[in-house]
There are 2 protein chains.
Amino acid sequence: MKTLSNAIVATESQLGRAFNHPEVTRSSLMRELTARRVRITEQRRLIIGIIQDSPRHLDAATLLDLARKKDPGIDRSTVYRTIGMLKRRGLIDELDLMHIDGEKHYYEVKTNHDHCHMACFKCGGIMEYTSASFEKLKEEIARTSGFDIRVIRLEAGGVCRKCRATSPAP
Amino acid sequence: MKTLSNAIVATESQLGRAFNHPEVTRSSLMRELTARRVRITEQRRLIIGIIQDSPRHLDAATLLDLARKKDPGIDRSTVYRTIGMLKRRGLIDELDLMHIDGEKHYYEVKTNHDHCHMACFKCGGIMEYTSASFEKLKEEIARTSGFDIRVIRLEAGGVCRKCRATSPAP
DNA sequence: ATATGTGCAAATCTTTTGCAAATTC
DNA sequence: GAATTTGCAAAAGATTTGCACATAT
């Protein structure tokens, strides 16, 4: 099993028709925050910009590193506090990615369609899967249980198609 | 928001038809371990027995406390190592319960049907929801993506029916 | 005899917090 | 000038590890 400081986010094109992202749209965090009259400081703008633009899921430490490249004076606690603010407002989702690399959390801008994250135990890659079935299940759960779902997280761990092909016997 | 050292697991009967557990069966950990020729020491038997018999999801610290009531000499690391062993063998599932009470993890014996855990941000209760749709979604994801799913976790956070009734305006 | 499990204590890793200074409204 | 945000340094919480000793096969 590989150790992966940097998990790979496979894109739709990389994995052919393994993916299925119907209309997955991310909102603009800045716009949302402005609409909600949240004070956007320089540091927040920087941190949020990094989350928003990142092609992969970032953990707090990586986010701090990236932020420091632009503003070396930025503090770890500011990063955590900004993450906390975005979480509380439901603008980002927190992921564990099956703890494939430690206990840290990863973040991504909330999309209009929730999706499944799959972490490969062999290569450490992270794949995403979006489908209408997930939205339907969400709706079914809410309707049947009377539970008002504010956040939902579907994560899987296993072996990706590529790795299965490489080493056929699991 | 309540602080909850001990989250409540609502049962099917408590929540009326909010639940739907088709054939959710837990395997016997002892039997599984024996079949796999895993050495079962006294301490492991004790720890595993507690996990198996617990009506609610336990975190490592609680598990340690309970184990110490029967064997005060048992060590924290033994508990963690036993949990790790069970996890690696896919006999227990690890839950975060939306980090409703800190960053700890909770454990439960793997069932033959995966289910959704819902954590209420107001009362801290944990509800479970099992449905054939989830199994179907799992199957769809595996089939479409070619990903061999070994573990899967569906967790939601929000407000349970009871709490919604109590304080209507979210 | 050899492999495996355990206790202990310390280390590690991630995240949170109290408080004084700085910034913004 | 009142409220909010930040840096700093320390604390807290959860989990892991190295190693010597004990136990099981």
Side-chain angles (χ1 to χ4, degrees), chain A residues 1 3-7 33-34 36-48 51 57-68 70-89 92 94-107, chain B residues 1 3-7 30 33-34 36-49 51 57-68 70-89 92 94-107:
Chain A
M1 211 237 288
T3 311
L4 352 115
S5 326
N6 17 356
L33 291 169
T34 304
R36 299 174 196 204
R37 266 159 264 269
V38 173
R39 189 185 296 175
I40 302 183
T41 63
E42 268 317 300
Q43 300 204 332
R44 284 187 177 169
R45 183 187 311 281
L46 171 54
I47 294 166
I48 291 166
I51 298 175
H57 307 101
L58 300 175
D59 63 282
T62 306
L63 184 50
L64 175 60
D65 284 350
L66 292 175
R68 276 190 165 147
K70 300 216 167 190
D71 176 355
I74 208 162
D75 192 75
R76 161 182 274 89
S77 59
T78 301
V79 168
Y80 276 104
R81 288 193 267 236
T82 304
I83 289 173
M85 183 267 287
L86 296 170
K87 252 198 303 183
R88 278 190 302 281
R89 290 177 180 275
I92 57 175
E94 185 174 71
L95 314 169
D96 290 340
L97 302 182
M98 295 316 271
H99 304 300
I100 206 170
D101 186 29
E103 299 303 303
K104 62 190 82 159
H105 295 121
Y106 301 86
Y107 302 93
Chain B
M1 216 239 285
T3 312
L4 351 117
S5 325
N6 19 355
M30 303 297 182
L33 291 170
T34 303
R36 298 175 197 204
R37 268 161 260 271
V38 173
R39 190 184 294 177
I40 302 183
T41 63
E42 269 315 302
Q43 299 203 332
R44 283 187 178 170
R45 185 189 309 283
L46 171 55
I47 294 166
I48 292 165
I51 298 175
H57 307 102
L58 300 175
D59 62 281
T62 307
L63 184 50
L64 175 60
D65 285 349
L66 293 174
R68 278 191 164 146
K70 300 218 165 188
D71 176 355
I74 208 163
D75 192 76
R76 162 182 273 89
S77 59
T78 300
V79 169
Y80 276 105
R81 289 193 268 234
T82 303
I83 289 173
M85 183 266 287
L86 296 169
K87 252 197 303 183
R88 278 190 302 280
R89 290 177 180 276
I92 58 175
E94 185 174 71
L95 314 168
D96 290 342
L97 302 182
M98 292 319 270
H99 303 301
I100 206 169
D101 186 30
E103 298 303 306
K104 62 190 79 160
H105 295 121
Y106 300 86
Y107 301 92

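Note: hydrogens, waters and symmetry copies are ignored here, and every other heavy atom, side chains too, is used. So that the names make sense, note that chain A is the first sequence line, chain B the second, and so on, each numbered from 1.
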#### Entry: A:Val79 to A:Ala60 - nearest heavy-atom pair and separation
CG1-O, 4.0 Å

#### Entry: Minimal non-hydrogen separation, B:Ile92 against B:Tyr107, with atom names
CD1-CD2, 3.8 Å

### Query
Contact class for A:Ala60 (heavy atom, under 4.0 Å): base, sugar-phosphate, or nothing?
sugar-phosphate

### Message
Tell me whether the side-chain N/O atoms of B:His105 come closer than 4.0 Å to OP1 or OP2 in D:dT15.
### Response
yes

### Task
Going by the side chain to side chain contact (heavy atoms under 4.5 Å, CB included) test, name the single residue among B:Met85, B:Arg39, B:Arg45, B:Arg44 that passes it with B:Leu33.
B:Met85

Could you tell me how far apart [X] ([atom1]) and [N] ([atom2]) are, to the nearest whole angstrom?
X        : N      : atom1 : atom2 : value
A:Lys104 : C:dT16 : NZ    : C1'   : 18 Å
B:Met85  : C:dT6  : CE    : C1'   : 13 Å
B:Glu103 : D:dA11 : CD    : P     : 21 Å
B:Asp59  : D:dA14 : CG    : C1'   : 10 Å
B:His99  : D:dT15 : NE2   : C1'   : 14 Å
B:Tyr80  : C:dC8  : OH    : P     : 17 Å
A:Glu94  : C:dT16 : CD    : C1'   : 13 Å
B:Leu46  : C:dG5  : CG    : P     : 17 Å

## Note on the structure
By side chain to side chain contact (heavy atoms under 4.5 Å, CB included), B:Arg36 pairs with (sequence neighbours left out) B:Glu32, B:Val38, B:Arg89, B:Leu91

### Message
Please check this pair: side chain of A:Arg76 against backbone of A:Leu64, looking for a donor-acceptor N/O pair closer than 3.5 Å.
### Response
no

Quick check: do [X] and [Y] have side-chain heavy atoms less than 4.5 Å from each other?
X       : Y       : answer
A:Leu86 : A:Ile51 : yes
A:Lys87 : A:Glu94 : yes
A:Ile83 : A:Leu63 : yes

#### Entry: Inter-axis angle, terminal five-pair segments of the helix from C:dA1-D:dT25 to C:dC25-D:dG1 [nearest 10°]
30°

### Query
Using a distance-only test with no angle check, is there a side-chain donor-acceptor pair under 3.5 angstrom linking B:Asp75 and B:Thr78?
no

## Note on the structure
Letter by letter from the 5' end, nucleotides 1-8 of chain D scores (B base, S sugar-phosphate only, - none; protein heavy atoms under 4.0 Å) ---SSBBB

